[in-house]
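Below, chains carry the letters A, B, ... as their sequence lines are ordered, and counting in each starts from 1. Computed over heavy atoms, backbone and side chain alike; hydrogens, waters and symmetry mates excluded.
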Amino acid sequence: MKIAVLLSGGVDSSVALRLLKEQGHDITAFYLKIWLQEEYSFLGDCPWEEDLEYARAVCAQADVPLQVIPLQDEYWDRVVSYTIKEIKDGRTPNPDMFCNSLVKFGAFLDKIDPSYEKVASGHYATIEEKNNRFYLKRSPDAVKDQTYFLAYLKQEQLARALFPIGIYEKKQVRQLAKEFDLPNQVRKDSQGICFLGKIKFKDFVKEHLGELPGDIVNFETMKKVGTHPGYYYYTIGQREGIGLNAGPWYVVRKDIVNNIIYISQKKDVIAAYRNEFNVTKINWLNEIPESGSALHVKIRHGAHRYPCAIEYTDANLLSVKLQGSDKGIAAGQFAVFYDGDYCLGGGIISDSITVES
RNA sequence: UGCCGGGUCGUCUAAUGGUAGGACAGCGGCCUUUGGAGCCGUAUGCGGAGGUUCGAAUCCUCCCCCGGCAG
């Protein structure tokens, strides 16, 4: 089979490449230039050259051709501009969601020869084919599972995707890397927003939006207790950057119009925690679950899933009731639904509601 | 200016003659392909000058500063 492999220079995609190579496929590796670190180099070190070096080394060792595809413009248009707009609107974006759906499995597909039957990546997720439909399933490694970030793919994208390491746990992938004697076998896992690398999110925000001083108000007393550099530096549930003593303090509400951050203490569960929210712009990978379905939901990437019940308010709005509560539910974040190991799809959180206990 | 009260890490607060400790903030690390959260680890302080004492944040004197009551 003719396969395009997305190679990042990290361990996971390198192992994926070697697995496919061993299976005898006709593969070509592609390194996507999506880093905007050249623009942000003054903010910190940029490791992207190192990524490319490793990608080259891996390909040389495996005797696989490597192509470098510049996608910075597409990345800017589809991911970075969205990120900045959302932050400015006081919401909390998830750029990596669109990095997958609009760039890696989006713009990239338009750039390559259609004769590539599959596009493989190093994601921790599995795909099951049933009756000509493709279903996304969780990785056996609950921590590394990346179905959350893939929930916004379309059926056509899923049909063409291949996740060779999806059946493994991280430690097995590390072991395979060792057995393949990969040049990057001990490289640290990447983390953070992919286009920022080591750049701090706060610095990115500052570069694009500057500072806009406003009041910090105690949510219980409604009294001003301090000042902050701008509402867009804060998200719901955030502790860091408040700078007040006698805490810890957590952001519980933002007033964008008046540029006010409301804070509370952790022990104030009612003010700080949320357990009900609405979801819009939903993408279902396959069948649409019925109103009243008992599912699981992830509010963020990670192992934790909440049992939940869903209810359609109308065709485009889904009401979600969590079994449990989460103090970091923020508008703009994604909610991704699961039925057992099947990832059903997800949508964007539009608001959250405090429910009295 | 004739009267009281008070000055301890960045902030808040302990130690009342016997090694200045904690919390929060900060910083560093871990975790995590989003934001956050969480976990671990850390620097920094007795307003100043004298005095009493084996020993002073603590007791005494003076000075400086900040509140408040007098004006």
Exercise. Quantified in whole Å, what is the C1' atom distance between nucleotide B:G68 and nucleotide B:C60?
Worked result: 26 Å
Exercise. With rounding to whole Å, what would you report as the distance between B:U42 and B:G7 at their C1' atoms?
Worked result: 28 Å
Side-chain donor-acceptor distances from residues 108-116 of chain A under 3.5 Å, at least two apart:
residue, atom, partner, partner atom, Å
A:Lys111, NZ, A:Glu74, OE2, 3.3
A:Asp113, OD1, A:Ser115, N, 2.7
A:Asp113, OD1, A:Ser115, OG, 2.7
A:Ser115, OG, A:Lys2, NZ, 2.7
A:Tyr116, OH, A:Thr28, OG1, 3.1

Exercise. B:G38 C1' sits how many Å from A:Trp249 CH2, rounded?
Worked result: 20 Å
Problem set entry | Among A:Pro289, A:Cys343, A:Cys308, the one residue meeting side chain to side chain contact (heavy atoms under 4.5 Å, CB included) with A:Phe337 | A:Cys308
For this session: Select base, sugar-phosphate, or nothing to describe what A:Phe149 touches, counting heavy atoms under 4.0 Å on all strands.
Result: base
Exercise. Using a heavy-atom distance cut-off of less than 4.0 Å, which residues of residues 97-106 of chain A contact RNA chain B?
Worked result: A:Asn100, A:Lys104
Problem set entry | Note: A:Asp12-A:Lys144 ion pair, threshold 4.0 Å (strictly below) | no
Exercise. Would you say A:Arg239 reaches B:G36's phosphate, i.e. side-chain N/O to OP1/OP2 under 4.0 Å?
Worked result: no
For this session: Nearest whole angstrom, please: distance from the C1' of B:C31 to the NZ of A:Lys170.
Result: 13 Å
Exercise. What interatomic distance, in whole Å, is found between C1' of B:G21 and the corresponding atom of B:G51?
Worked result: 28 Å
Exercise. Can you tell me how far C1' in B:C69 sits from the matching atom in B:G6, rounded to whole Å?
Worked result: 14 Å
Problem set entry | Check: A:Leu212 and A:Tyr231 side chains under 4.5 Å, non-hydrogen atoms | yes
Problem set entry | Pairs involving residues 155-167 of chain A, ordered by first then second residue, that meet side chain to side chain donor-acceptor pair (under 3.5 Å) (sequence neighbours left out) | A:Gln155-A:Asn286
Problem set entry | Separation of the C1' atoms in B:A57 and B:C9, to the nearest angstrom | 14 Å
Problem set entry | Between A:Ser13 and A:Ser8, a side-chain donor and acceptor under 3.5 Å | yes
Problem set entry | Pairwise 5' ranking along RNA chain B for A:Tyr233 and A:Lys188, keeping only the more 5' one | A:Lys188
Exercise. Around A:Lys321, counting heavy atoms of other residues, nucleotides and ligands shown, do more than 12 lie under 6.0 Å from its NZ?
Worked result: no
Exercise. Counting side-chain heavy atoms from C-beta on, which of B:U33, B:A25, B:G26 comes nearest to A:His301?
Worked result: B:U33
For this session: Name all pairs fulfilling the side chain to side chain donor-acceptor pair (under 3.5 Å) condition that reach into residues 94-105 of chain A, sequence neighbours left out, sorted by first residue then second.
Result: A:Asn100-A:His123
Exercise. Across the strands shown, which category fits A:Gly241 at heavy-atom distances under 4.0 angstrom: base, sugar-phosphate, nothing?
Worked result: sugar-phosphate
Problem set entry | Interatomic distance, A:Gln265 CD vs B:C24 C1' [rounded to whole Å] | 10 Å
Problem set entry | Protein-nucleotide distance (A:Leu150, atom CG; B:U34, atom C1'), rounded to Å | 13 Å
For this session: Look at atom CG of A:Asn131 and say whether more than 12 heavy atoms of other residues, nucleotides or ligands are closer to it than 6.0 Å.
Result: no
For this session: Would you indicate what A:Gly302 reaches in the nucleic acid, counting non-hydrogen atoms under 4.0 angstrom: base, sugar-phosphate, or nothing?
Result: nothing
For this session: Rounded to the nearest angstrom, tell me the gap between atom NZ in A:Lys200 and atom C1' in B:G36.
Result: 15 Å
For this session: Could you work out the separation of B:A43 and B:G22 based on their C1' atoms and round it to a whole Å?
Result: 16 Å
Problem set entry | C1'-based separation of B:G50 from B:G67 [nearest Å] | 27 Å
Problem set entry | Nucleotide pairing, RNA chain B (Watson-Crick or G-U, distances under 3.5 Å), in dot-bracket with [ ] and | | ..(((((..((((....[..)))).(((((.......)))))....(((((..]....))))))))))...
Seminar exercise, completed: note: A:Asp189, atom CG; B:U33, atom C1'; distance rounded to Å ~ 9 Å
For this session: Could you give the distance separating B:U44 and B:A20 at their P atoms, to the nearest angstrom?
Result: 13 Å
Exercise. Does a sphere of radius 6.0 Å around CD in A:Gln172 hold more than 12 heavy atoms from other residues, nucleotides or ligands, not counting ones at 6.0 Å or beyond?
Worked result: yes
Problem set entry | For A:His228, ring pair (Phe, Tyr, Trp, His ring centres under 6.0 Å) partners two or more places apart | A:Tyr234
Problem set entry | d(OH, A:Tyr234; P, B:A37) in whole Å | 11 Å
Problem set entry | A:Asp141 side chain to A:Tyr168 side chain, donor-acceptor N/O pair below 3.5 angstrom | no
Problem set entry | Any A:Tyr250 side-chain nitrogen or oxygen under 4.0 Å from OP1 or OP2 of B:A25 | no
Problem set entry | Among B:U34, B:C12, B:G38, the one nearest A:Asn245 by side-chain distance | B:C12
Exercise. What does A:Gln333 touch in the nucleic acid at a heavy-atom separation under 4.0 angstrom: a base, only the sugar-phosphate, or nothing?
Worked result: base
Problem set entry | Whole angstrom value for the distance that separates C1' of B:A37 from CG of A:Asp326 | 9 Å
For this session: Scan A:Gln146 against the nucleic acid and name what it touches under 4.0 Å (heavy atoms): base, sugar-phosphate only, or nothing.
Result: base
Exercise. Can you check whether A:Lys327 has a side-chain N or O nearer than 4.0 Å to OP1 or OP2 of B:G36?
Worked result: no
For this session: Would you kindly compare A:Leu244 and A:Tyr148 by the position of their nearest RNA chain B nucleotide and give the one closer to the 5′ end?
Result: A:Leu244
